[in-house]
Structure formats: C-alpha cells, structure tokens
Amino acid sequence: MPAYPKLLLPPTRCYGAVADAGASTTLRSAASAILPSTSSAVVSAPARPLSVRSHSSLPAASVFLQPRARQTSPARHAPILLSPAITQCFDGPTVPGNLLRRRGLSGGTSQSHAKQEPSRTRAIVAAGGGLLAILVAYTISTSYRSSGSIEGATPTSDPSPSPAEATAETADTRDPTLPRFRLADIRTQHGPGSEQPWVTHEDKVYDITDWVSAHPGGDVILRAAGGSIEPYWKIFSIHNQPHVREILSQYLVGLVDVADLGEGGRPRAEQVEDPFVDDPARDARLATHTLKPRNAEPPAGELLKSFVTPNELFYVRNHMWVPVVGSGASGAADGGDAHVLTVELPDGDVREYTVGELKSRFPVHRVTAVMQCSGNRRADMTRNAAKTNGLQWGVGAISNAVWEGVRLADVLADAGLQVGGPGTATAAGRVGDGQNGSSLDGRTHHVQFTGLEAYGSSIPLAKAVDPRGDVLLAFGMNGDVLPRDHGYPLRAVVPGHVAARSVKWLSKVVVSEEESYSQWQRRDYKCFGPNEGANPDWDRAPAIQELPVTSAITGVWVGEDVRKGHVPWPARAAVAEETSGGAEEERRRQQQQQSEAEPIALQGYAYSGGGREVTRVDVSVDGGRTWDQAKLVGGDDDDGDSGSAAPRGNGHWAWKFWRYEGLLPASVTSGNSSSSSSSDGKDGGAQGEGQRCTTLVVKATDETYGSQPETHAGIYNVRGNLATAWHRVRVCPRCERPGGPGGGSGSSSSSGAAVWTTGAVFGCGFQTEEAARETAAK
C-alpha cells in the first residue's frame, strides 16, 4: 500500500482530509494512516460518483470514527493532501454539498469558527470533493476556536469560553451542520479585493466567487463583498426577489457567528453609499415599476399622443444606476464630445474615437426606430398563462424616437475591419478569418457592446455592417442630445432588434467569434418551451435578436364619449353630430336606440421587428367571434397627421398607430349578456350589478404574413419574454339616464333615453379587476 504521512492531532483541533481513491480498501488504509488514534474505522465508498457542482445535501456519513481519549501532540504536523484538505468541523451526519465545493475552506480562510460544544465527542464523514472522494473528520471533546489554518498552523492554548460566549453558544439553536464565521474575518479576508468574495444575508454567509462572472451586474456585486448584501438590495429593489434569493442560496457556506448577532437573530444593520444619488429626475407621469434602478413606462393614455415619443415619456429600462459622464449629473454642457469609445478587432488591433471625432469625421444619419423591451406586456402573460420572473410591464415598455448618429459599419471599416460581401455565403473557397488582411465572414462573428455600468450585449456582425441595417452609434435623440437615462453620451441603436441589444452609455465595441459573455446575452433574453421551467439548457437557445410582430390597445371610448369628441382624432360619430341639425340629430339618436347600437372607438400601436412592415390590424369587439380591420396610421399609410416628417431609414423600423370605429355588440346594450364572457375565460367578474361587458381583441399581421399567437399558453416562458399573444381588454360601458344613473338595460323610460359612456376598462395597460374591487370596497 502507498505510504501516507502521519497526522498527529493537536489538542482540541478539528481536521479533515479528502482522500481520492477508487476502492474502499484504499480508503480504509488511508483512514488508518491518517487517524492512528482511531480505535476502529469502517469505510464504505458511495455507490455513485458525486458532482462537485451539486448544491444539495450529500449522503449521510460513510466513515464512522470512534476517537479515543484526548491526547497531546507535537506542535506541527502536515496533513495528508491527496487532494486539497477541507479544514472544517461539521456537527452532523450530513454535510451540504456546496460546503465541499466552495473555494477557500482550506488554508488561510476563516473556517475556524465552527462551534464545538464542551464535553461532547462527534465523528462526522461526508462524501464529496472529487469524482469519488471521502471527507474524513472528527472532533476532540473540547471547545476550541482558532484563526489559523491547517497548513502551517501553530497550536495555541485551549482557552475557555467567556460566560457571554458560553451563553451565546448554548442559545445558538440554528442548523448545527453549518460552520460559523465572525463578521470581522469576513470583512478582512473576503472583501472586494479577495479572490474569494463572500457576502452575508440575514444570518447566513455566502461564497459568491462563482457567481460574480454569472451575475447580471458583473463586478457590481463586489460592492457588497465582505459585508451584508441587504443594504444593497434595499437600494437595488429589483434584485430583492424570491428567484434571486433562490440563486443566492446555492452559494451558502455557513452562518454568522452568534456573537455577532443582535436582536432578532440578525447582524446589526449597515449603512452604504447610495449609487443612485446622481440619477436624473424623471417625469411624474411615468408609471414606475422599480425606483432603484429606475424602470418605468408611460401610461397607455400618454403613449400615443405623438408618433415620436417625447424624451421625457420614453420608457426607462435601467439595470443599474445612470453613469455620470463629462460635466456630471447636472447636465451635458459639452455634448459628451470628450467621451472615448474603444473599438477592438479580431486581430487585436485597437482604435479609440472620441464622440467629438465621430461627429466630425463620419457622415451623420437619422433613423426613426422603436425600442421595445423583451418583457413588454409581461404582466399580460403572467395574468393569462402563469407566473413569470421579471418586471411586470404593461403595454408601455415600447417607445419610438428619431435617433441621430454615425453608422457602426463606417466606424468598423475605418478601424480596419474587412467583411466579406454577400458572395461569401456561397463561395467555394475558404472564408477569411480577418487575419493578415483577409475578410471576415459576417455570419460567424459578432459585435459585442459594453456599457459604462457593466451591461453587455452583442449582435451578429452581418447586422452591424449591413448598410440596410441602419445600426447607429447614436449621440442624439429627437433633435436633442441623448438624455442621461437613454445613454448619454453614446449608445448603440440596433433597429428592428430587441432593445437589450442597443447598449446605453457605450464605452467599448469588440468584434469577436463569440457572443457577449454577459448574463443578458447568454441567459436573460432567451425563450424556451412552456414546459421547460426555470432552469433550461441556456446554451441550447439563441439570444433574442429580431422581434416578432405585436400590437396593443391603448385607448377605448364608448357612446357619448365618441359623440362628444373625447376621442383624440376626428371620429365619424363626432363629425356627424357637429354637422347635423337638431331634427337630424334626434332622428339618428332614435335609430340608434331602436337598433340598440352604440359607437365604440379604439386605438393602439402595432410593430414588427427586422424592418418588416405591419400591413393589417384586425379588431374584434365581441371576444373574437367577429372581426373587422382597423385603419393604419404612420409610414406609407400616414394620412398626414402623424409620423410623415420622421426619417424612415432602410426598413420599417418605426411603429404604426391604428384606429378603429365600430358599434358595440347589441347584446351589451339590449340585456343579452352572451358577449360578456371573455373568449379565453380570464377576464370575467369585473362588472358591477346590472352592468354588461364585452371583450375587445386586437392582432396584427406583417408583410411576411407573420401574425400574433392567439393565447399566451403556447408561448409561455418563465422569464416572460416576447408576450405577443392577441391583446384582450374588457370594457364595461356605463349607462345613465337624464337626472341620474340608470339600470343596465339600455331601454327608454319616461325620464328620458339611456346614455352610454365608456365606463370601466380592464386588462394589460388598464386597471385590473382586483384593483377595481379594492377601490369599490373602500
């Protein structure tokens, strides 16, 4: 058998050793050599290899040790190190697997604060470590704490605990299998500069070493290293969510020492600097989902007041704080001209351009294009399919602007990039790799964008260099300097693609064979099947790039609200009323009463990614049983009142408005309530007594005849991305008679004819039935 070094245990010391081996006989020999004071050892290998990435608890002890009486030992002896020793005491028969895989539990870490109750002998064993490994450890029946590590440790005297410590230890009833750590050690040994950063949350300790590279904010999480993450979650409220806490739980390594806990069993609160203190002021009309970082959308009623969304009402999507650039938080006096953009090519060549140089050296282009978050209408998917993770956007995570900047293709060409033309795809010869002056294949490379606040994303190189793709390095928005919330002083604008690719506060552009390694490219913005749950194979699905066709209802008007001109365009019913005489008006009103039909007007937007034009919008006012077509407004169908002066670019990058005028179903005003049931069964129950409702539906079709799916059930994904099903809202018109509210029948009475108005509208972008009930109950 191999010769193992002897390990003589100093008094009150707890050691562990990991012995990689393929047979239980070898393990038995190893245990015998390592632990000569053991009177007996029964060794059994686990039945299967154990993954070192496992986060679950490992099987119960597979080596059982019965230590003899306490003995004295020389000062220093090297432990066996067949694989890295794990120098930690555990108090139970089962050890969490992630404790074994955490880096930093040997040699110089603060593992020494595991508790050992006086006069109690424990033997523990856990499987884990390598492909097949056994952790062997045992404790001597004394209480001892040490700040040293197993390698090169010098034994010290065995101090008795103070009365306070003894009381605290006795009162610590938390999981005895988890080691304890002092906050001071965590701060000094696992802070932002450590190779093994740790954080605490409540009374638990987490090793986030492996999480930093996968964290959506990258190194931003290191701000909390060495201390509590809770103050940052109070600031970054978007991260204080159940699914984020579930991710953090996978990195648990122990508990905060009971001596550092205050009232309620939690460490005392820490105060941290607020990184959002210099964020810009926002318009009060925006509906805010999170304050820090700010994520907000314009109300549906404001969204379509202008074809080009005013800067102050453009939806805000931030993952972190807004960087302070140039003249600072107070403004952008120099237009950001001194800001530097770095461009890196595959051969390692690097060029730098200031924003001022971009403006002066390259042709300036203007393009009108939509920005839409992949989570637009996520709240609709949550309501009509299942729970989703992420901001619960309504219909307003979309806006339209005129962007001004220089073409990315021009800058890349100036930097020395050569890309093969369309013939590259069918060339019989070898495609170049960009080295030594050869041309790159735009299909196999990517352009990575990195922002000042650590956000990163990428697009295919073919899109970046396509002269018809209109990809800009933008420094202007709607005729003004980029607002700080929208990327000042420089951002990427990738028309037709999800807004996640149009990186704000742009600082670096890299041409690479690889996509961006960021969380936002590799994980967050992808879709999977409805059955695939929260932990799919992320590498299997492509990142979202071009957006599918979508549409939404943003305004509803009924009855007198249409006739009296409350609709934001000259509706036919309103025009007829203005031009008709008194007798004609009375005749028309009587005809409508006889037919029990009331006018209804709707408006909304429609958009398709990839530069595809929306060619048709279908509207139903009876839950999808009958259909009609809306009028399209904007672009080639513009009637002169919106969007006609906006520069279009080389594709249909902007949205289209649509408008519809029709009649309410007779069943709503006649007393037949058959139309009040939603076609998907999700919207019922909001109307009041005697009030009847109908479900309005809209769906769009683009030039490729791509259309929206009927329901969210078939496109459901846990992240709630691309919620593009038919948009349904429920309108419950209000009926009144002269002199006071009427019933709901719509019939005439001696007090006068019934008067119908819009009443209540429920659905994504409008109020919810639950909110209406709560308001009515107050």
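Shown here for V406 and P363, the closest heavy-atom pair between the two residues is CG1-O, 3.6 Å. Between F276 and M320, the closest heavy-atom pair is CE2-C, 3.5 Å. Of all heavy-atom pairs spanning A474 and L482, the tightest one is O-CD1, 3.2 Å. Pairing each heavy atom of V617 with each of A606, the nearest pair is CG2-CB, 3.9 Å. Here the shortest heavy-atom pairing between Q521 and S457 reads OE1-OG, 3.1 Å. What you find for L506 and H339 is that their closest heavy atoms are O-NE2, 2.7 Å.
A donor-acceptor contact closer than 3.5 angstrom links the side chains of W653 and D470. For T290 and N295, the side-chain atoms include at least one donor-acceptor pair closer than 3.5 Å. For the residue pair D485/N318, the side-chain donor-acceptor check at 3.5 Å is satisfied. Judged purely by distance below 3.5 Å, without hydrogens or angles, the side chains of H289 and E297 pair a donor atom with an acceptor atom. A donor-acceptor contact closer than 3.5 angstrom is absent between the side chains of H446 and E515.
Remark: K631 fails to qualify as a cation-pi partner of Y660 under the 6.0 Å distance and 45° angle criteria applied to the six-membered ring.
The closest donor-acceptor contact from the side chain of H365 to the backbone of W403 lies at 3.5 Å or more, if one exists at all.
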